[in-house]
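One structure is given below, encoded as C-alpha cells.
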2 protein chains.
Amino acid sequence: MPTVPDDTSHDASPSHRLRERLAPLLSLASTRGDRRLPSERDMMARLQTTRITLREALNELEAEGCVYRENRRGWFVSPPRLRYDLLACLPFHEMVRSQQRSARTLLLSAEEVIAPVTVARRLGLAEGERVYRICRARLVDERRVLYVEHHLLPRCFPAILEFDLARESLTELYRREYGIRVGRVSYELGTCVLSSDAASALNAVRGSPAQRITRINHDQNGRAIDCDDEYWRHDAIELTLSAAPQGV
Amino acid sequence: MPTVPDDTSHDASPSHRLRERLAPLLSLASTRGDRRLPSERDMMARLQTTRITLREALNELEAEGCVYRENRRGWFVSPPRLRYDLLACLPFHEMVRSQQRSARTLLLSAEEVIAPVTVARRLGLAEGERVYRICRARLVDERRVLYVEHHLLPRCFPAILEFDLARESLTELYRREYGIRVGRVSYELGTCVLSSDAASALNAVRGSPAQRITRINHDQNGRAIDCDDEYWRHDAIELTLSAAPQGV
DNA sequence: AACCTTCTTTGGTCTATACCAGAAAGCTGG
DNA sequence: CCAGCTTTCTGGTATAGACCAAAGAAGGTT
C-alpha cells in the first residue's frame, strides 16, 4: 500500500522526523510505473542525513511492509498485499487473477532427489527414499514475491516432471492426470528470513524478512501425498481463514 | 586506520564469520537462567568489531528468531517457539500449559470506548457506537510475548468488565456467564511491527517485527460478537492448522 | 524495611568516511 | 544490429567515535 504509515504519535525523535520527510518521496515513487525510490545517496542528500541513518529508517519501513528492496538494485514502494485464503485452496494463478493482478511462474528446477529428513518425516518416508522436488519462483504484477519448494511422492505422481510445470497448476494436474484430490491440508506458518536460495530467486537480499507457509496435502484417506514450503516476501500477502472451531 | 587484509582463504563474508563467532556466545547465554547475552560493548570487544556491525548481525539473528531484545535492557536468546493451533481455539493458559510452559496475564486496561472504525466494521456497528475494550499483555515463562486488544459488543456481554479479567479466560466467561459459544472464527494474519503501545507492553523496541493475528468470533448464528488483535513477538510462536479444503 | 536520590552502565541514535562487488548503462567492434 | 567489453553508479559492508536517555545498582534518608 503506498499509504504512509500513521505517524500521529507525539514522538519527535529524529528518526521519526526522518520518516515524515521520507513520506513525500514514497508517495512520489508510488506514482511511478516502477515504484522506485531515488538512490540512497540521493535521498541522503535531500534529507540532510547519513546513509546509516537513512538505511535504518528504510529498514523500519521495510519491516512495516511499506517498502522493499531488490538486491543491489534499490528500494521500491510495496504494492497492496495479496489476500491469501488458506482454506480456499485456490491455485496460485486463479487466486492472483481473482484479485485483478497478474501472475507468472518461473520453473527453477524439477528433479528427483533424496528426501531431506524434514520432508521424509512429513511424508512418512524412510531415510534415503526419493521424492520429486520442484522449485519455482512466482511473480505478482511482475514482482517476485514467492519462492516455493515442492516435494511429491513419486509413487503417487509418476512422470509428473514431464509436464509443463511452469504453466500448469499442480493441483490441477493431480486431478486431471492422476485422479487425486486433496482431502485434507495441514499448515505450519511462521515468520522467518529468506535463505540464500530463496533470496536469489526473489532478487532479494539474503536475510530479508519473510512469511513461511508450509503445507502438507493429504489424499481422501488421510495419507500425505506431497508438501510444499512457501517463502513469501512478507509484505506481499495477508492471510485469511474462516472456520468452525474444532477443539470444543 | 590500516585495516589488515583478511586471510586469503575466506569463503564467507565478514558478517558471516561474525555470526559464527557469535554462536558460542549464544550457546553460552542459552545455558544461563535469564538467557542473557553480554552487553553490546562487551561483545564488540570480544569479537573485535564495531558496534554498528555487531548490531547488524544481531538484527539479522533477531529477524531469524534466534535472539530478541528488551528495550534498553539487552539481548537474549529466544526460547523455543510456542505452537499455536488456530482451530483448536484453546484458551491461552491451557494452550501454554499443555506445552509444559508457564503462562501469566497482565490486565492493562478494561473500559468502554467508542469503537474504532476498523472494529466497527468487523462487528457490524454504526459509527460512534460503543464497545468494551480490554488490553492485556501475556507472558510465557515470564517473557512478555503477546499484546492483545479485545473489543466486545456490550449488548452481548453486559458488565463483563466486573470480572477478574487477568485471571479468567474470556471464552470461559462467555460460556459460563453468558451462555454464548463461539460458532465460527475468522482470522486475518500478517507480519507487522509493534506499535508503541504494543512495544511498551512487551518491553520491546518500537518497530520490532511481529506477527499479527486478528480474530473475529461469531456466535452460533454467524453474528460477530467480538474481535481481538493479537501482536506476538514474531519469534515466540509457530502457527498450525489442519482442515479440509473448502473451495472445491 | 520502605522510599528516594545519585551514579554508572547500557542500549538507542547519529555523524562521517571508506572500500568492494554487482547491476546498469554506455561504448565498441564485428 | 547485436554481442561483448568497460565504465559508472549504487547498494552492501565495514571502521571510528560521540552524545543522550533510560534502566539498574548503590547508597543514603525516613
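Chain identifiers are assigned alphabetically (A, B, ...) following the order of the sequence lines, protein sequences preceding nucleic acid strands; residue numbering begins at 1 within each chain. Treat the numbers as computed from the prediction; the structure is a model and nothing was measured.
Between B:Arg69 atom CZ and D:dA23 atom P there is a gap of 15 Å when expressed in whole angstrom units. Rounding to whole angstrom units, CG of residue B:Asn59 and P of C:dT13 are separated by 11 Å. For B:Glu56 and D:dA14, the CD to P distance is 7 Å, given to the nearest whole Å. In this structure, CG of B:Asn71 is placed 11 Å from P of C:dG11, rounded to the nearest angstrom. Atom-to-atom, CG of A:Leu194 to P of D:dG12 comes out at 14 Å; the value is rounded to the nearest Å. Distance B:Leu54 CG to D:dT15 C1': 14 Å, rounded to the nearest Å. Going from atom CD of B:Glu70 over to atom P of D:dA22 covers 17 Å, rounded to whole Å. The nearest whole Å value for the distance from the CG atom in B:Leu47 to the C1' atom in D:dT15 is 15 Å.
In this structure, the side chain of B:Arg144 engages the main chain of B:Ala201 through a donor-acceptor pair within 3.5 Å.
Using a cutoff of 4.0 Å between basic side-chain nitrogens and carboxylate oxygens, B:Arg122 and B:Asp229 are scored as salt-bridged. The pair A:Asp34-A:Arg73 fails the salt-bridge criterion, with no side-chain N (NZ, NE, NH1 or NH2) lying under 4.0 Å from an Asp/Glu carboxylate O.
Contact annotation: A:Arg73 side-chain N/O to D:dG11 OP1/OP2 distance is not under 4.0 Å. For D:dG12, the OP1/OP2 oxygens have a side-chain nitrogen or oxygen of A:Arg55 closer than 4.0 Å.
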**OP:** Give the C-alpha distance, both sets of side-chain angles, the deciding distance and a yes or no for side chain to side chain contact (heavy atoms under 4.5 Å, CB included) between A:Leu61 and A:Arg19.
**Re:** CA-CA 8 Å; A:Leu61 289 170; A:Arg19 290 170 53 111; 4.0 Å; yes
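Classification of the B:Phe76-B:Tyr68 ring pair by plane angle, with boundaries at 30° and 60°, yields parallel.
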**OP:** Sugar-phosphate means primed atoms, P, OP1 and OP2; the rest is base. With that split, encode nucleotides 15-21 of chain C 5' to 3' as B, S or - using protein heavy atoms under 4.0 Å.
**Re:** BB-BB-B
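Aromatic ring centroids of A:Tyr147 and A:Trp232 lie 6.0 Å or more apart.
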